[in-house]
Peer 1: 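Questions regarding the structure given below will be posed in turn.
As the structure is a computational prediction, the values presented were derived from the model and not from experiment.
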Amino acid sequence: MKMKYLIIVFFFGISNNYSQTTEQRNAITNSYDLTLLNNLYNELNIEHNSNYASGLHFINTNGLPFDGHNSDGSYFSLRGFNEEINNIEYHVTYNNTATRSSIQTARVQGLHNGNSINKAIKGENIIYGIWDGAQPLSAHQNLGVTRVINKDGQGFTGGSQSGINHATHVSGTIIGSGNERIFAKGMAPLGKLWANTWENDLAEMTLEASEGLLFSNHSYGINNRAYVNLPGFFGRYAVLARSIDEITFNANMYQPVYAAGNDRNGIYVGGSLTKLNPSKNGYDLLTHERVGKNPVVVAAVHGITNYVLETNGTNNVEMSTFSQWGPTDDFRIKPDISAKGVSVYSSTGTGVANYSILSGTSMAAPAVTGVFGLWQQIYNQYWPSANGNSGFMKAASLKALMAHTADHAGDSQGPNPKFGWGLINADEGAKILKRASEDLVIFKEYDLLNYQTYFFDIYTNGIEPLKITIAWTDRPGEIVPMAESLTPVLVNDLDVRLTKVSNNQVAYPWKLNKSWSNIYAIKGDNDVDPIERIDYFDPNTGLTPSGNYRVTIRHKGELTGGSKNFSVIISGGIVSYDLTLDKEEFNKLNLNLFPNPATDYINITDVDFDSIELFDITGKKIHINEVSQDSSFTKLDINNLASGYYFIKLKKDSAKESLKFIKK
């Protein structure tokens, strides 16, 4: 293939050492600001201790339980006091006591037997993190005391056997050996586990990410009983959503995975089944960390042996009856992905040789966490010198690979707020990584600078569908007040476009239609998601016509922080490609505009410009109706514009600036 690189790319070699060593963990954290992470750990630790102490006082004063069991068999224990709702919150496991095809459903068997990339991949020495209601039974024959480390030194929250059972079941789905019970084999049967209880989880996650942890599983959430009468809390970007984004942004190799929750049908309050957020018809049911931009949230589906996609787009992926649906209030695609969570067979904590069948999004999340570790193991084989010689990909690359290779699920094209991007496909992800090492697929990690554009000029052979995915780990956004808001919480908005050179036809990425009465995927400018994917092919053949195409990746407005690292995957019969960069070097004008949002006019704090241009959010140039000036301000008439986001580009000598505003 013909290729031009203007930045350093990774070494495409094979390493026999693909374990996650101490040296590699140190290399993972080389790019982190460890002082910042330590300060964040201290802040979260202090916050937890204060909330926990207040919660203990509240339950003791009011005669409430510290922990216990719900009617569905799930286990709960005190998380702390939430001042925002003036009430306590409980952590709760997302399992319901209720087949054995988690590995088949996730398409992992090809990695285990070596068929996917001609080498068996079983998670050798890959370290997984887990936070749960208790420590798992490490002596269980499916786990093994040498592979499970009690990382936070805590015991069993509340001393509950149910908490131990849940943690042991989840751990088995991730690293179960299957030596004694083949159906209890986990995704990474040779993997290792850093085990923690859920008490003070965010602070501990910050600490362990700073020690080189790459991913963690969280098969629990907050008991929704506190929010029965607070529908505005669902889908809202609140404190914990921002906290998890802050952790992951500052440790951009670290990827936490969360269960979506099990209360789609409602919860029992006073003996009656009560729907959550009833006006949304089953949608808009995610809270807390699950509303964050950077964590991966997993929905639960029934198991399948073989995925089947019919010519009319229907498929055999069946949604569970309990899995909570998104999207978020700004219509981000949540949950992110789906995995088997109905009738999952795994180890249990009642004895070292005991097993059980459980259902829940708790059972689906560890399947995805396990797959992520297998992909990192494969990546380490092909790119052992990546990311400061850590040999592992950034979290954004994991998410790009997840979305790029997911099998479609649902009754309409594109992603959706039930299944996310679709059903996790470990086998296809492994093949993409192998093909990338052979230069048959573009799989790269880059840095995008202010006002920089990446152009991939590719030629395809017409024997595959063309697919482009970009992903990035976004900065934490502003907390949204407890009132439903469509305002995007995305801080840095990157965009990808595909142009067919022969006729300048432009293809856009998927996004959700922003209407609660009619939620479905459409193609257009996506201003909310930190993952964008373009599918381009002839619907009659399922293939992309051969020829020349240009992939363009740029950003809107000005990048907060001055740069943004992102990951890109391009697949589909690529014969050759050229990569070029375009960067506008300029001095900023340091201007402001007001009011923002605006209705009729926008005022700019200067009057002396060489040029003023107006663009809509897709980059289309818009005619400016009227410009007037006085001694201090330039006034633009925007009365004729439709509601939405716009950009004003100003030039003065060698200086340039782009300003963003909202037309109400």
Peer 1: Mark yes or no for whether Lys192, through its side chain, and Thr146, through its backbone, hold a donor-acceptor pair below 3.5 Å.
Peer 2: no
Peer 1: Any salt bridge between Glu211 and Lys151, counting N to O under 4.0 Å?
Peer 2: yes
Peer 1: Check Glu84 with Arg236, please: is the shortest side-chain N to carboxylate O separation under 4.0 Å?
Peer 2: yes
Peer 1: Between Glu124 and Leu190, is there a donor-acceptor pair closer than 3.5 Å when you use the side chain of the first and the backbone of the second?
Peer 2: no
Peer 1: Is a donor from one side chain sitting under 3.5 angstrom from an acceptor on the other, for Asn250 and Asp33?
Peer 2: no
Peer 1: Roughly how far apart are Phe215 CZ and Gln376 CD, rounded to 0.5 Å?
Peer 2: 5.5 Å
Peer 1: Gln154 and Glu199: side-chain donor and acceptor closer than 3.5 Å?
Peer 2: no
Peer 1: Could you grab the distance from atom CD1 of Ile337 to atom NZ of Lys399, nearest 0.5 Å is fine?
Peer 2: 13.0 Å
Peer 1: From Ser138 OG over to Arg147 CZ, what is the distance, rounded to the nearest 0.5 angstrom?
Peer 2: 11.0 Å
Peer 1: Strictly distance-based, threshold 3.5 Å: is any side-chain N or O of Arg332 a donor or acceptor partner for the main-chain N or O of Val291?
Peer 2: yes
Peer 1: Measuring from atom CH2 of Trp375 to atom CG of Leu433, what distance do you get when rounded to the nearest 0.5 angstrom?
Peer 2: 8.0 Å
Peer 1: Compare all side-chain heavy atoms of Leu512 with those of Ile333 and state whether any distance is below 4.5 angstrom.
Peer 2: yes
Peer 1: Has the side chain of Asn526 got a donor or acceptor atom that lies under 3.5 Å from a matching backbone atom of Trp510?
Peer 2: yes
Peer 1: Mark yes or no for whether Asp336, through its side chain, and Val297, through its backbone, hold a donor-acceptor pair below 3.5 Å.
Peer 2: yes
Peer 1: Tell me if a side-chain donor or acceptor on Asn380 pairs with a main-chain N or O of Gly391 at a distance below 3.5 Å.
Peer 2: yes
Peer 1: To the nearest 0.5 Å, tell me how far Thr29 OG1 sits from Arg25 CZ.
Peer 2: 9.5 Å
Peer 1: Using the ring of each side chain (for Trp, its six-membered ring), is His91 parallel, tilted or perpendicular to Tyr220, with breaks at 30° and 60°?
Peer 2: perpendicular
Peer 1: When rounded to the nearest 0.5 angstrom, what is the spacing between OG1 in Thr405 and CD1 in Ile424?
Peer 2: 6.0 Å
Peer 1: Checking side-chain polar atoms at under 3.5 Å, does Tyr549 have a donor or acceptor matched by the opposite partner on Asp457?
Peer 2: no
Peer 1: Can any side-chain N or O of Asn196 pair as donor or acceptor with the backbone N or O of Ile130 at less than 3.5 Å?
Peer 2: yes
Peer 1: Is a side-chain donor-acceptor pair under 3.5 Å present for Trp194 with Glu208?
Peer 2: no
Peer 1: Would the distance check show the side chain of Lys511 and the main-chain N or O of Asp525 forming a donor-acceptor pair, the cut-off being under 3.5 Å?
Peer 2: yes
Peer 1: Can you establish whether the number of heavy atoms outside Arg554 located under 6.0 Å from its atom CZ is more than 12?
Peer 2: no
Peer 1: Hey, is Asp427 close enough to Arg107 for a salt bridge, meaning N to O under 4.0 Å?
Peer 2: no
Peer 1: Give the C-alpha distance, both sets of side-chain angles, the deciding distance and a yes or no for salt bridge (charged side-chain N to carboxylate O under 4.0 Å, His left out) between Asp495 and Lys556.
Peer 2: CA-CA 7 Å; Asp495 290 312; Lys556 296 186 182 75; 2.7 Å; yes
Peer 1: In residues 254-261, what donor-acceptor pairs under 3.5 Å come from side-chain atoms, sequence neighbours left out?
Peer 2:
residue: Tyr254; atom: OH; partner: Ser216; partner atom: OG; Å: 2.5
residue: Gln255; atom: NE2; partner: Asn294; partner atom: O; Å: 3.0

Peer 1: If only atom types and distance count, is the side chain of His112 paired as donor or acceptor with the main-chain N or O of Gly114 below 3.5 Å?
Peer 2: no
Peer 1: Distance-only criterion, 3.5 Å: show the donor-acceptor pairs between side-chain atoms of residues 467-475 and protein atoms not counting sequence neighbours.
Peer 2:
residue: Lys467; atom: NZ; partner: His404; partner atom: O; Å: 2.9
residue: Thr469; atom: OG1; partner: His404; partner atom: ND1; Å: 2.7
residue: Trp472; atom: NE1; partner: Asn492; partner atom: O; Å: 3.0
residue: Asp474; atom: OD1; partner: Asn492; partner atom: N; Å: 3.1
residue: Asp474; atom: OD2; partner: Lys293; partner atom: NZ; Å: 2.8
residue: Asp474; atom: OD2; partner: Val491; partner atom: N; Å: 2.7
residue: Arg475; atom: NE; partner: Thr560; partner atom: O; Å: 3.1

Peer 1: Side chain of Glu445, backbone of Asn565: donor and acceptor closer than 3.5 Å?
Peer 2: no
Peer 1: Kindly assign one of parallel, tilted or perpendicular to the pair Phe566 and Tyr454, based on the angle between their ring planes and the thresholds 30° and 60°.
Peer 2: perpendicular
